[in-house]
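Notes to accompany the following structure.
Every chain is numbered from 1 and lettered A, B, ... according to where its sequence line falls, protein lines coming before strand lines.
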Amino acid sequence: MTEAIAKKEYYSMGEVCSLTGLQPHVLRYWETRFAVLHPVKNRAGKRVFRAGDIEQVMLVKHLLYDQKYTIEGARQKLSGLRAEGQLKEERQQVMKPEMLATMRADLEALRELLIVPPARK
DNA sequence: CTTCTGACA
DNA sequence: TGTCAGTA
């Protein structure tokens with residue numbers, strides 16, 4: 001399902017927000033608390049998100065909102081997942097089955113948004 | 001028009 | 001977290 005958001009090279013802040021259902025200021029705030037949520041910026045200073053960055057955001061969102069983790073708790077949980085992932089040599093999956101389950105709804109919403117992008121004017 | 005940083009509620 | 005200002 002990660003392929004669902006891997007159809008594009010780069011995503012803007014606006015796209016990531018509609019894709020994740022988060023407000024820009026929330027995303028920016030999280031950037032100050034999670035080392036893994038720091039997107040690269042282009043020459044103009046705009047954030048350039050990749051599919052992988054969006055996955056990280058989704059993971060943090062569910063840790064915080066669905067599993068009601070605390071910022072610090074989520075930060076530690078993320079560190080743990082990263083450690084496990086490294087032990088599994090391959091960059092296997094960073095997400096547990098249970099997490100994927102709670103993410104189903106969002107992933108389906110993502111699929112729709114990707115097929116029929118929000119009309120912008 | 002969209003996004004950004006910084007400041008402040 | 002929410003909002004506003006002044007930019008780029």
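- A sub-4.0 Å separation between OP1 or OP2 of B:dT2 and a side-chain N or O of A:Ser12 is absent.
- Protein atom CG of A:Leu22 is 10 Å distant from nucleotide atom P of C:dG2, rounded to whole Å.
- Looking at A:Glu15, its side chain does come within 3.5 Å of a backbone N or O of A:Ser12 through a donor-acceptor pair.
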Dot-bracket assigned to DNA chain C with the 3.5 Å Watson-Crick/G-U criterion, [ ] for crossing and | for other-strand pairs, is ||||||.|
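- Remark: A:Asp53 CG to A:Leu27 CG distance equals 10.0 Å, nearest 0.5 Å.
- Here the side chains of A:Ile71 and A:Phe34 are in contact, with some heavy-atom distance below 4.5 Å.
- For the pair A:Tyr10 OH and B:dT2 C1', the interatomic distance rounds to 20 Å; values are reported in whole Å.
- Residue A:Tyr29 contributes atom OH, which lies 18 Å from atom P of B:dC8 at whole-angstrom precision.
- With a 4.5 Å cut-off on side-chain heavy atoms, A:Phe49 and A:Met13 count as touching.
- Closest approach of A:Thr20 to A:Met58, counting heavy atoms only: CG2-SD, 4.1 Å.
- Note on A:Glu31 versus A:Arg28: no salt bridge recorded, every NZ/NE/NH1/NH2 to OD/OE distance being 4.0 Å or above.
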Can you give one letter per nucleotide of nucleotides 3-8 of chain C, 5' to 3': B if a protein heavy atom sits under 4.0 Å from the base, S if only from the sugar-phosphate, - if neither? B----B
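- Within 4.0 Å (heavy atoms only), A:Phe49 reaches no atom of the nucleic acid at all.
- Distance OH/A:Tyr11 to CZ/A:Arg50: 12.0 Å, rounded to 0.5 Å.
- A straight line from CG of A:Leu27 to C1' of C:dT1 spans 13 Å, rounded to a whole angstrom.
- Nearest nucleotide to the A:Arg47 side chain, out of B:dC4, C:dT1, B:dT3: B:dC4.
- Rounded to whole Å, atom C1' of B:dC4 lies 6 Å from atom CZ of A:Arg28.
- The interatomic distance linking A:Trp30 (CH2) with C:dG2 (C1') rounds to 15 Å, in whole Å.
- Although no hydrogens or angles enter the test, the distance criterion places no donor-acceptor pair under 3.5 Å between the side chain of A:Lys61 and the main chain of A:Leu22.
- Going from atom CD of A:Glu31 over to atom P of B:dG6 covers 12 Å, rounded to whole Å.
- Between A:Trp30 and A:Leu64 the shortest side-chain heavy-atom distance falls below 4.5 Å.
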